[in-house]
Amino acid sequence: MSVLVLGGAGYIGSHMVRRLLDQGQDVVVVDNLVKGHRAAVAPEAKFYQVDIRDKQALSEVFEKENIDAVVHFAAFSIVPESVAEPLMYFDNNTAGMVTLLEVMKDFDVKKIVFSSTAATYGNPVNIPIKETDPQNPINPYGESKLMMEKMMAWADSAYDIKWVALRYFNVAGAIEDGSIGEDHGPETHLVPIILQAAAGQREYIEMFGDDYKTPDGFNVRDYVHVVDLADAHILALDYLAKGNKSAQFNLGSATGFSVKEMVEAAREATGVNIEAKVGPRRPGDPDILVADSTQAREVLGWQPKFDNVKDIIKTAWNWKEKHPNGYDDRK
Ligand code: UFG
């Protein structure tokens, strides 16, 4: 039996593939390579270049492979892009989920672990955020993912498809051997941008806004290491394999760091005096996003190994030093 990883050529998906292979699992990857990188997929995994909205091609994968469970990372995830192009997000993310659930139903595959997001909460009413807090997304990305969560819930009632939604906060870092890592084009995420500045590929990092309602005025996020995040998916697969009911879990570290603190941590991690300037706020950024991950720890038994951002950034720097131009250096 194999685990199907949709979006397995992406940043988080490719780390998941490596962790599943480490555990001796058979892994099948589906990715349309619009955002992902073929070189990120471990050679031991079977690879199909298929778009999840292509029902026929996806059905052929399920026909050929003996799929036991699905882990779904194949979605667009850039908040400002979703505001500019909402339909692109509802098409790829939300409509993609309709096709996937139809194919799972046709082939009697009953387990799915899904990449959800803190963006489904919108502006939080409590910090840290609990799974039971209201979900009122403030951008199309968060809305598209909330709709996907709801679809799975209805598919559970109608077809008994069991699901776990993992609501990620801010993911960073790379596998410790530095063989795969974060590489988006164009890059919008904080840690890789700081490291571009450290590597001399940009003059400085612009910190978006210094007038947030936080102790130092810079907005605060909760950073989790990508391998810890992948391991939570493996625990979620075990949870479903034991016949547990569908559920959702926040994945964060419970400690918030401001943009300025992240730059400082990156200076220490890299030994480079990274230049930083304050710029205007970026639209749609809440002041603080920090997770209460008690449920993931208690119910799934999740124990993240990385508990400080300096160590997380060191692993991202290792990938960056080995591959200054990301996957362009691996072709
Ligand atoms: N930031 C800067 N300068 C930059 C880039 C980012 O100051 O050049 C700041 C942002 O304003 C934000 C923080 O760094 O405060 C993190 O920004 P990212 O773009 O790295 O990440 P986001 O918090 O916007 O979003 C990420 C994921 C989303 C997910 C969200 C949940 O990309 O998919 O975390 O917390 F929904």
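Just so it is clear, the values below take in all heavy atoms, side chains as well, and ignore hydrogens, waters and symmetry mates. One-based numbering, in listed order, for ligands and for the atoms of each.
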For ligand 1, which atoms sit closer than 4.0 Å to a heavy atom of Ala118? 31 (C), 35 (O)
Quick one: which ligand 1 atoms are inside 4.0 Å of a heavy atom on Leu289? 35 (O)
Do the charged groups of Arg167 and Glu131 touch, with an N to O distance under 4.0 Å? no
Note: ligand 1 atoms sitting under 4.0 Å from heavy atoms of Asn219 are 11 (O), 12 (C), 15 (O)
Met207 heavy atoms within 4.0 Å reach ligand 1 at atoms 7 (O)
Any nitrogen or oxygen of Phe208, main chain or side chain, under 3.5 Å from a nitrogen or oxygen of ligand 1? yes
With respect to Tyr223, determine whether any N or O atom, backbone or side chain, lies less than 3.5 Å from an N or O atom of ligand 1. no
Less than 3.5 Å between some nitrogen or oxygen of Glu206 and one of ligand 1, yes or no? yes
Ligand 1 versus Leu190: contacting region, heavy-atom distance under 4.0 Å: both
Specify the protein heavy atom at minimum distance from atom 9 (C) of ligand 1: its residue, its atom name, and the distance to 0.1 Å. Val259 CG2, 3.7 Å
Does ligand 1 have any atom sitting under 4.0 Å from a heavy atom of Tyr141? yes
Check whether NZ of the Lys or CZ of the Arg Arg38 lies under 6.0 Å from the centre of the six-membered ring of Phe47 and within 45 degrees of that ring's axis. yes
Return the residue, atom name and 0.1 Å-rounded distance of the protein heavy atom closest to atom 11 (O) of ligand 1. Asp285 OD2, 2.6 Å
Considering both backbone and side-chain atoms of Thr117, is one of its nitrogen or oxygen atoms within less than 3.5 Å of a nitrogen or oxygen in ligand 1? no
Parallel, tilted or perpendicular: ring planes of Phe62 versus Phe107, cut at 30 and 60 degrees: tilted
Among Glu149, His72, Lys145, Gln135, find the one that has a side chain to side chain donor-acceptor pair (under 3.5 Å) with Ser116. Glu149
To the nearest 0.5 Å, what is the distance between OH (Tyr121) and CD1 (Ile127)? 11.0 Å
Relative to each other, are the rings of Tyr168 and His233 parallel, tilted or perpendicular (30° and 60° limits)? perpendicular
Evaluate the ring planes of Tyr11 and His184, with Trp represented by its six-membered ring, and classify them as parallel (under 30°), tilted (30 to 60°) or perpendicular (over 60°). perpendicular
Under 4.0 Å from a heavy atom of Ile193: which atoms of ligand 1 are those, numbered in the order shown and with their elements? 8 (O)
Using a strict threshold of under 4.0 Å (side-chain N to carboxylate O), is an ion pair present between Asp216 and Lys260? no
Residues Glu102, Lys105: salt bridge by 4.0 Å N-O rule: no
Short list, please: which atoms of ligand 1 are under 4.0 Å from a heavy atom of Ala119? 36 (F)
What protein heavy atom sits nearest atom 30 (C) of ligand 1, and how far away is it? Asn170 OD1, 4.1 Å
Please state which protein non-hydrogen atom is closest to atom 32 (O) of ligand 1 and give its distance, to 0.1 Å? His189 NE2, 2.9 Å
Could you state the interatomic distance from CG (Asn66) to CE (Met1), rounded to the nearest 0.5 Å? 4.5 Å
Evaluating non-hydrogen atoms only, which member of Glu187, Arg282, Glu182, Arg202 is closest to atom 19 (O) of ligand 1? Arg282
Ligand 1 to Ser77, heavy atom cutoff 4.0 Å, flagged ligand atoms 32 (O), 33 (O)
Short version for Ile205: what comes under 4.0 Å of ligand 1, heavy atoms counted, is side chain
Check this for me, if you would: do Asp177 and Lys322 make a salt bridge, where the nitrogen-to-carboxylate-oxygen distance has to be below 4.0 angstrom? no
Thr188 heavy atoms within 4.0 Å reach ligand 1 at atoms 5 (C), 19 (O)
I'd like to know if the side chain of Arg18 pairs up with that of Ser179 as donor and acceptor (distance under 3.5 Å, no hydrogens or angles considered). yes
